[in-house]
Novice: 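Pasting a structure here, questions to come.
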Amino acid sequence: QVQLVESGGGLVQVGGSLRVSCVYSARTSYAMGWFRQAPGKAREFVAAINRSGLTTYYAPSVRGRFTISRDNAKNTIFLEMRSLQPDDTAIYYCAADLLVRGRPSDSGADYTYWGQGTQVTVSS
C-alpha cells in the first residue's frame with residue numbers, strides 16, 4: 001500500500017503564490033498527479049509527472065502558472081502555484097499511478113492511491 005500526505009495549503013491573496021507538497025511511502029518511484037476539487041464542483045486534473053520527473057503534463061487552466069516537480073530521494077512531489085485566482089480555491093489532492101504509461105495521465109481513474117488533500121483558499 002502507498003500512503004500519501006499533502007501539506008502546505010492555506011490562505012493566499014489573489015495574485016499570490018503557494019507551494020503544496022505530498023510525501024508518499026514507496027520503495028520505487030511512481031508517476032504522480034495533482035487533482036483539485038472545489039465545493040459543488042467535480043474533481044479536476046491539475047498536473048502530472050512521470051516517475052523520473054523528466055516529463056510533466058498540465059491542465060490548460062494552470063499551464064504557465066503552476067509547476068509540478070519531484071524529489072525522489074525524499075519521496076516527495078511539489079506543486080508550485082503562482083498568480084493564484086479565486087477559481088484556484090479547492091482541496092488539492094495528490095495521487096499515485098502504479099502503471100508505466102507513455103505520458104503522465106490526466107485521468108483520475110488511472111490513479112490507485114490518493115491523499116487526504118490540503119485546502120488552498122485564494123482571497124481577493
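Side chains included, hydrogens not; waters and symmetry mates left out as well; all remaining heavy atoms used.
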Novice: Taking the six-membered ring for Trp, are Phe35 and Tyr111 parallel (under 30°), tilted (30 to 60°) or perpendicular (over 60°)?
Specialist: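 Rings of Phe35 and Tyr111: perpendicular, as their planes differ by over 60°.
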Novice: Begin with the C-alpha distance, continue with both residues' side-chain angles, and end with the deciding distance and a verdict on side-chain contact (heavy atoms from CB on, under 4.5 Å) for Trp34 and Cys22.
Specialist: CA-CA 9 Å; Trp34 284 101; Cys22 175; 3.8 Å; yes
Novice: Does the Ser107 side chain pair with the main chain of Ser105, one donor and one acceptor, at a distance under 3.5 Å?
Specialist: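 Pair absent, no side-chain N/O of Ser107 close to backbone of Ser105.
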Novice: So which heavy atom on Ser123 is nearest to which on Leu11, and how close?
Specialist: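 Closest heavy-atom pair between Ser123 and Leu11: CB-CD1, 3.8 Å.
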Novice: Walk me through whether Phe45 and Tyr57 qualify under ring-ring contact (aromatic ring centres under 6.0 Å, His included).
Specialist: CA-CA 10 Å; Phe45 168 75; Tyr57 184 61; 5.7 Å; yes
Novice: Search all heavy atoms of Asp97 against all heavy atoms of Arg101 and return the closest pair with its distance.
Specialist: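 Heavy atoms of Asp97 and Arg101 come nearest at OD2-NE, 2.6 Å.
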Novice: Judged by modelled atom types alone, do Thr67 and Arg82 share a side-chain donor-acceptor pair under 3.5 Å?
Specialist: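 Absent: no donor and acceptor within the cut-off.
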Novice: Quick check on the hydrophobic clustering: are Val120 and Val14 connected, directly or via other members, by side-chain heavy-atom contacts under 4.5 Å?
Specialist: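 Hydrophobic grouping puts Val120 with Val14.
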Novice: side-chain contact (heavy atoms from CB on, under 4.5 Å), that's the test. Do Asp88 and Met81 meet it? Break it down for me.
Specialist: CA-CA 9 Å; Asp88 296 315; Met81 302 174 283; 5.9 Å; no
Novice: Do Gln1 and Tyr113 pass the side-chain contact (heavy atoms from CB on, under 4.5 Å) test, and can you show the C-alpha distance, the side-chain angles, and the key distance before you say yes or no?
Specialist: CA-CA 8 Å; Gln1 303 294 320; Tyr113 298 101; 3.0 Å; yes
Novice: Has Arg36 got a side-chain atom pairing as donor or acceptor with Ala90's backbone, closer than 3.5 angstrom?
Specialist: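 Side chain of Arg36 to backbone of Ala90: no pair is present.
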Novice: Find out whether Ser17 and Val12 are in side-chain contact, i.e. whether some heavy atom of one side chain is under 4.5 Å from a heavy atom of the other.
Specialist: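 Ser17 vs Val12: side chains apart.
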Novice: Indicate if Leu18 and Val62 have the same hydrophobic cluster label, given that clusters are the connected sets of ILVMFWY residues with side-chain heavy-atom separations under 4.5 angstrom.
Specialist: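 Yes, Leu18 and Val62 fall within the same hydrophobic cluster.
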Novice: Would you say CZ of Arg103 has more than 12 non-hydrogen atoms from neighbouring residues, nucleotides or ligands within 6.0 angstrom?
Specialist: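 No, the 6.0 Å shell around CZ holds no more than 12 heavy atoms from other groups.
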Novice: Is the backbone N or O of Gln3 less than 3.5 Å from a side-chain atom of Ser25, with the two atoms forming a donor-acceptor pair by type?
Specialist: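 Here the side-chain-to-backbone pair exists.
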Novice: Measure the shortest side-chain to side-chain distance between Glu80 and Val20 over non-hydrogen atoms and say whether it is less than 4.5 angstrom.
Specialist: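 Result no, sub-4.5 Å side-chain heavy-atom pair not found.
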Novice: Kindly say whether Ser61 contributes a backbone atom to a donor-acceptor pair with the side chain of Arg65 at under 3.5 angstrom?
Specialist: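 Confirmed, Arg65 side chain pairs with Ser61 backbone.
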Novice: Between atom CD1 of Ile68 and atom OG1 of Thr56, what is the distance when rounded to the nearest 0.5 Å?
Specialist: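 It comes to 7.5 Å.
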Novice: First locate atom CD1 of Ile49, then atom CG of Leu54, and finally report the distance between them rounded to the nearest 0.5 Å.
Specialist: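 Going from CD1 on Ile49 over to CG on Leu54, the span is 8.5 Å.
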Novice: In terms of hydrophobic clusters joined by side-chain contacts under 4.5 Å, are Phe78 and Tyr24 together?
Specialist: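 Each belongs to a different hydrophobic cluster.
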Novice: Between Tyr30 and Arg70, does any side-chain donor sit less than 3.5 Å from a side-chain acceptor?
Specialist: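 No, Arg70 and Tyr30 have no side-chain donor paired with an acceptor closer than 3.5 Å.
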Novice: Under 3.5 Å, side chain of Glu6 to main-chain N/O of Gln116, donor-acceptor pair present?
Specialist: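 It does hold such a pair.
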Novice: Measure from the side-chain N and O atoms of Asp71 to the backbone N and O of Asn75, and report whether any donor-acceptor pair falls under 3.5 Å.
Specialist: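 Absent.
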Novice: Would you say the side chain of Leu4 lies within less than 4.5 Å of the side chain of Cys94, judging by non-hydrogen atoms?
Specialist: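 In short, these two side chains touch, coming nearer than 4.5 Å.
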Novice: Check for me, please, whether Tyr58 and Tyr93 land in the same ILVMFWY cluster - side-chain distances under 4.5 Å, paths through other members count.
Specialist: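 Looking at the clustering, Tyr93 is in a separate group from Tyr58.
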Novice: Could you please spell out the steps behind the side-chain contact (heavy atoms from CB on, under 4.5 Å) verdict for Gln13 and Val122?
Specialist: CA-CA 5 Å; Gln13 297 289 332; Val122 184; over 6 Å; no
Novice: Tell me, do Pro104 and Thr55 make a side-chain contact under 4.5 Å, heavy atoms counted?
Specialist: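 In short, these two side chains touch, coming nearer than 4.5 Å.
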Novice: Verify, without hydrogens or angle tests, whether Asn72 (side chain) and Arg51 (backbone) share a donor-acceptor contact under 3.5 angstrom.
Specialist: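 Indeed, once roles are kept as given, a pair shorter than 3.5 Å links the two residues.
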Novice: Examine Ile91 and Met32 and state if one hydrophobic cluster contains both, with Ile, Leu, Val, Met, Phe, Trp and Tyr joined whenever side-chain heavy atoms are less than 4.5 Å apart.
Specialist: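 No; tracing contacts between hydrophobic side chains, which count when under 4.5 Å, never links both residues.
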